[in-house]
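Single-structure report; data block below.
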Amino acid sequence: MPNDVTALHLVLSGDPALFAIVRLSLHVSLSAVVLAALIGIPLGAWIALTKFPGRQGLIVLLNALMGLPPVVVGLAVYLMLSRSGPLGSFGLLFTAGAMIIAQTVLVTPIIAALTRQTIEDLWIEYRDELTAMNLGPVGRVMTLIWDARFSLVTALLAGFGRAAAEVGAIIIVGGNIEGFTRTMTTAIALETSKGDLPLAVGLGFVLIAIVIAVNALAWTARRAGERLAG
């Protein structure tokens, strides 16, 4: 890339290489957050409302998993998806699918742990009312998840922030292949090491703008929903 090309020019001119990386990054991160939400929200709510032996230990473990080292997750997923691994026959290694799996593993504990705390607080507040309504376990879970829907946006944003900033795990399972598995974070690391600072800085600007935009949209949607709900 020519040295006189600035980061701002790359962004404003719609540089194809830059925006291909942005599209893939959004696809991987948003897909991982959706999958993690489908797993983590029901799991967190179930833990919050269910008493069983070892519950406290599970809560401690879930909170600890929020700090999972990305490279360890990447290694574990790599071993699962490699040719000699149990899922090697699916041919997912070094694909966007592998990166989505790795990010889902990282994000799920965050969403589950935050959901557990939110639902548990609501259960303490509304326990008598829900008990009087004679709702079963599933009914209680669904009612409290619906009641906490605006608060759970924070959990989803925390998950998206973790996914969008991820580098180590997706380099291991994705390979940082140009045009196939190169995301904003991995491209920033690579281009910086190559000395291509305009592209690295341009991607950095776009990444920050996306995170701010997603948070702003989520906050706006939450406020609008709260006003409509009264």
Side-chain angles (χ1 to χ4, degrees), residues 28-82 85-87 97-131 135-174 185 211 214-215 218-219 222:
V28 171
S29 296
L30 292 175
S31 298
V33 171
V34 170
L35 290 175
L38 292 175
I39 300 169
I41 291 177
L43 175 61
W46 174 76
I47 295 173
L49 300 178
T50 307
K51 303 297 181 182
F52 54 88
R55 177 176 178 273
Q56 292 301 318
L58 181 58
I59 291 174
V60 171
L61 176 62
L62 189 62
N63 290 335
L65 291 177
M66 293 176 66
L68 269 175
V71 290
V72 175
V73 172
L75 176 60
V77 175
Y78 179 92
L79 294 175
M80 292 286 289
L81 299 180
S82 64
L87 302 179
M99 297 192 295
I100 291 172
I101 292 172
Q103 287 197 357
T104 300
V105 173
L106 286 168
V107 172
T108 297
I110 296 175
I111 294 178
L114 296 177
T115 298
R116 196 274 312 166
Q117 186 62 63
T118 300
I119 298 298
E120 192 168 291
D121 292 342
L122 284 177
W123 172 240
I124 294 172
E125 182 177 355
Y126 295 117
R127 177 185 300 166
D128 294 339
E129 290 86 343
L130 293 175
T131 301
L135 290 175
V138 176
R140 293 174 182 177
V141 168
M142 297 304 296
T143 299
L144 290 176
I145 287 177
W146 176 253
D147 192 68
R149 62 192 183 280
F150 300 122
S151 297
L152 293 178
V153 170
T154 302
L156 297 180
L157 290 175
F160 177 76
R162 176 68 181 265
E166 174 48 35
V167 182
I170 56 176
I171 281 184
I172 293 175
V173 302
T185 51
V211 171
V214 168
N215 278 269
W219 182 86
R222 175 176 176 173

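Since the structure is predicted, the reported quantities are computational estimates derived from the model, not experimental observations. The first residue of the sequence shown is numbered 1, and numbering continues consecutively from there.
Note that CD1 of I119 is 5.5 Å distant from CG of L152, once rounded to the nearest 0.5 Å. Rounding to the nearest 0.5 Å places OG of S151 at 9.5 Å from CG of D121. From L79, atom CG reaches atom CG of L87 across 11.5 Å, with rounding to the nearest 0.5 Å. Atom CD of residue E166 and atom CG of residue L106 lie 5.5 Å apart, to the nearest 0.5 angstrom. The distance from the CG atom of L58 to the CZ atom of R116 is 9.5 Å, given to the nearest 0.5 Å. To the nearest 0.5 Å, atoms CE (M66) and CD1 (I111) are separated by 10.5 Å.
Contact between R162 and P70 at its shortest, heavy atoms only, is NH2-CG, 3.8 Å. The shortest heavy-atom contact between Y78 and I172 is CD1-O, 3.7 Å. Between A102 and V173 the shortest heavy-atom distance is CB-CG2, 4.0 Å. Closest non-hydrogen pair, A32 versus Q103, comes out as CB-CB, 3.5 Å. Between V33 and A163, the shortest heavy-atom distance links the atoms CG2-CB, 4.4 Å. Shown here for A45 and T115, the closest heavy-atom pair between the two residues is N-CG2, 3.9 Å.
With contacts defined as side-chain heavy-atom distances shorter than 4.5 Å, the pair W123/L130 qualifies. Contact check for L114 versus T154: no side-chain heavy atoms found under the 4.5 Å cut-off. Looking only at side-chain heavy atoms (C-beta outward), T143 and R140 stay at 4.5 Å or farther from each other. Side-chain contact check for L35 versus I100: some heavy-atom pair is nearer than 4.5 Å. L68 places none of its side-chain heavy atoms less than 4.5 Å from the side chain of V72.
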Quick one: do L144 and L49 satisfy side-chain contact (heavy atoms from CB on, under 4.5 Å)? Show the steps, please.
-> CA-CA 10 Å; L144 290 176; L49 300 178; 3.6 Å; yes
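Panel note: side chain R55, backbone F52; no donor-acceptor pair is recorded below 3.5 Å.
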